[in-house]
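Reviewing the structure listed below.
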Amino acid sequence: MDKTERVEEIGARAGRGLRWSLLGNLVTRAGSFAMGLVLARVLAPDDFGTYAVALAATQIVMHIKDVGIHAATIQWRGRLEDMAPTATVLSFLFATGLYAVFWAFAPAFAAMAGNAGAAGVVRLLTSIILIEAFTAVRSAALLRRFDQDKLTLAIMIGFVANAAVAITLALGGAGAYSFAWGQVAASVVTGILIFFWGWVPVEIGFDREVAAKLLRFGVPSALGFGLEAVLMNSSYVVVGDVLGAEQLGYYLLAFNVSSWVPGIIGTALRYVSLPSFSRLAEDPAALSEGVRRSVPVMVAFVLPPALVMAVLAHPLITFLYGDRWDLSAGVLRWLAVLMVVRMLISFLAVDILTGLGATRTTVVLNLCWAVALLPALVAGAHLGGIRGAAVAHAVVAVTVTVPIALFVLRRAGVRLAPTLPDLVRPALGGLAAGALMLLLERLTRSGPAPVQLVVAGGGGLLLFVLVAVPGTTLSKLVRRSA
């Protein structure tokens, strides 16, 4: 099988998985958005701030809870049945130990984030890693087999439990705990379904050789993803410590909006990109061809929503959440820039490197990012408040992280030059669409927010499609829809 046939075979399986993942993410994100609208009108900004502290802790422990066993299972080159018993034992032992550490560390973590009252929420929310320890190997097996339909259905059913519990508790006055109990309920329901749908024999065992192989791959992978989580959540700690819970609530809302695309598209892509690049990495030529096809598609997907968030931040926030949250708009403009970098680095470059087995390189990449980011966040928050923190995030991402990522990908043998011709159309489309949105936003500024979004946003998105998408592709789409 030549490289083109291999890419097309894996691409077909990944495409099916991606469609299911996107469907699931669209449904759950739409539901999360609706739930967020309800909670934003029931809860106060400082409740969001308290939840942000717990969320930051949870995002960190979720990425390191199993020392990379989940990623190692996806990338495993041999029979899954040979490593599953050892992987299950390792996953459970490390998750249990990590939770014990965070149980003890929760008060100090909450105080460090400027919200000592968040300790209980931190302890509750981080408990979900104990549930996921039982399902880590099975969820990885589903991804490895491109059975995203089963995983997607499990997550969607879990979200229903999340919404029911969270909204009920919020209306009952539970405050930030409503978020946490909703997440725990979702984790339990999803975990039960994955446990039965994962198709892995229930066996407990320990093989030293298998464990060594898993840890050699998994520990650097966990460190890399853990640093990624620190990068994306460190601003919560800095903003909370420097500016307080209320300002953190505004910042969290803007960060959540900027995370829509990474949450919908990025998460769906990670469900298929890691197993896909792991299979393609067995043939360097096939991997380079896969990268050439993937990068322009990613850029074309992420640019339009980023432009809407950057140019139309104020009408977008006002329309969705009301005037009292308008302070979040100035933050969102800059976090839109960060969103683009996150999609290209965290959800593409890191997965390529992980598929190659270069997990130590992902550690170096994210460590360099963190070293540059943390002092910049502190300075930005002191100098410019929540907007200053967002500016720091965006500037470091563009000027530090992108050049380093390009360098390490090249060192890993990934050929990026062939992707450049395919990036011309999306780049021109982004420039044209951004200019048109700015013009139409000024012309409609005195009107209501929905009018600005429809006229400026709709006009810009239409122009982007016309410029970025080749005419032959548009013609095919028109014929299919006819």
Side-chain angles (χ1 to χ4, degrees), residues 29-30 32-37 39-41 45 48-49 51-52 55-56 231-236 238-240 242-243 246-266 301-344 346 373 376-377 380-381 383-398 430 433-434 437-438 440-442 444-445 448-458 460-461 464:
R29 293 291 169 170
S32 296
F33 168 65
M35 185 173 74
L37 292 179
L39 295 178
R41 285 162 172 77
F48 278 78
Y51 173 65
L55 182 63
L231 287 165
M232 292 304 109
N233 293 278
S234 58
S235 56
Y236 298 161
V238 172
V239 170
V242 175
L243 302 172
E246 182 176 350
Q247 290 294 301
L248 177 57
Y250 289 111
Y251 185 90
L252 174 64
L253 186 135
F255 204 100
N256 283 344
V257 174
S258 74
S259 297
W260 287 348
V261 174
I264 295 173
I265 299 176
F301 267 111
V302 73
L303 273 182
L307 288 170
V308 171
M309 292 178 190
V311 178
L312 303 173
H314 285 284
L316 181 63
I317 293 294
T318 300
F319 173 69
L320 295 176
Y321 299 101
D323 291 333
R324 73 170 179 149
W325 291 97
D326 187 64
L327 190 60
S328 300
V331 178
L332 180 59
R333 293 184 187 277
W334 291 95
L335 293 182
V337 178
L338 173 65
M339 180 192 75
V340 176
V341 177
R342 285 180 64 189
M343 291 292 292
L344 293 175
S346 298
L373 177 62
L377 282 174
L383 294 174
I386 56 176
R387 184 172 178 272
V391 172
H393 237 319
V395 171
V396 170
V398 172
M437 285 185 190
L438 283 171
L440 295 177
E441 188 273 336
R442 291 190 177 186
T444 59
R445 187 170 296 175
V451 172
Q452 289 180 270
L453 292 172
V454 171
V455 175
L461 293 178
F464 180 85

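All residue numbers in this chain count up from 1 along the given sequence.
Taking 4.5 Å as the limit, some side-chain heavy atom of L335 sits within range of a side-chain heavy atom of Y251. Side-chain atoms of V337 and H393, non-hydrogen and from C-beta on, never get closer than 4.5 Å to each other. With contacts defined as side-chain heavy-atom distances shorter than 4.5 Å, the pair L327/Q247 qualifies. Inter-residue side-chain proximity for L338 and F255 is flagged as met; some heavy-atom pair is nearer than 4.5 Å. At least one side-chain heavy atom of V257 sits less than 4.5 Å from a side-chain heavy atom of Y321.
Within the model, atoms CG of L248 and CG of L252 stand 6.5 Å from one another, a figure rounded to the nearest 0.5 Å. Separation of atoms CG (L440) and CZ (R445) is listed at 12.0 Å; rounding is to 0.5 Å.
Surrounding CZ of R442 are at most 12 heavy atoms belonging to other residues, nucleotides or ligands under 6.0 Å away.
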Using the rule given for side-chain contact (heavy atoms from CB on, under 4.5 Å), can you reason through L253 versus V331, listing the C-alpha separation, both sets of side-chain angles and the distance that settles it, and then say yes or no? CA-CA 9 Å; L253 186 135; V331 178; over 6 Å; no
Test side-chain contact (heavy atoms from CB on, under 4.5 Å) applied to L316 and L453, step by step: CA-CA 7 Å; L316 181 63; L453 292 172; 4.2 Å; yes
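Scanning both residues, T444 and Q452, for their nearest heavy atoms gives O-CG, 3.2 Å. Contact detail for F319 and P450: the closest heavy-atom pair is CD1-CG, 3.6 Å. Between A254 and S328, the shortest heavy-atom contact is CB-O, 3.4 Å. Among all heavy-atom pairs drawn from L303 and G430, the shortest one is CD1-CA, 4.5 Å. Contact between A336 and A306 at its shortest, heavy atoms only, is CB-O, 3.6 Å. Across all their heavy atoms, L461 and P304 have their closest contact at CD2-CB, 3.4 Å.
The main-chain N or O of L332 is never found under 3.5 Å from a side-chain atom of S258 such that the two would form a donor-acceptor pair.
Note on residues 310-319: pairs passing side chain to side chain donor-acceptor pair (under 3.5 Å), not counting sequence neighbours, are H314-D326.
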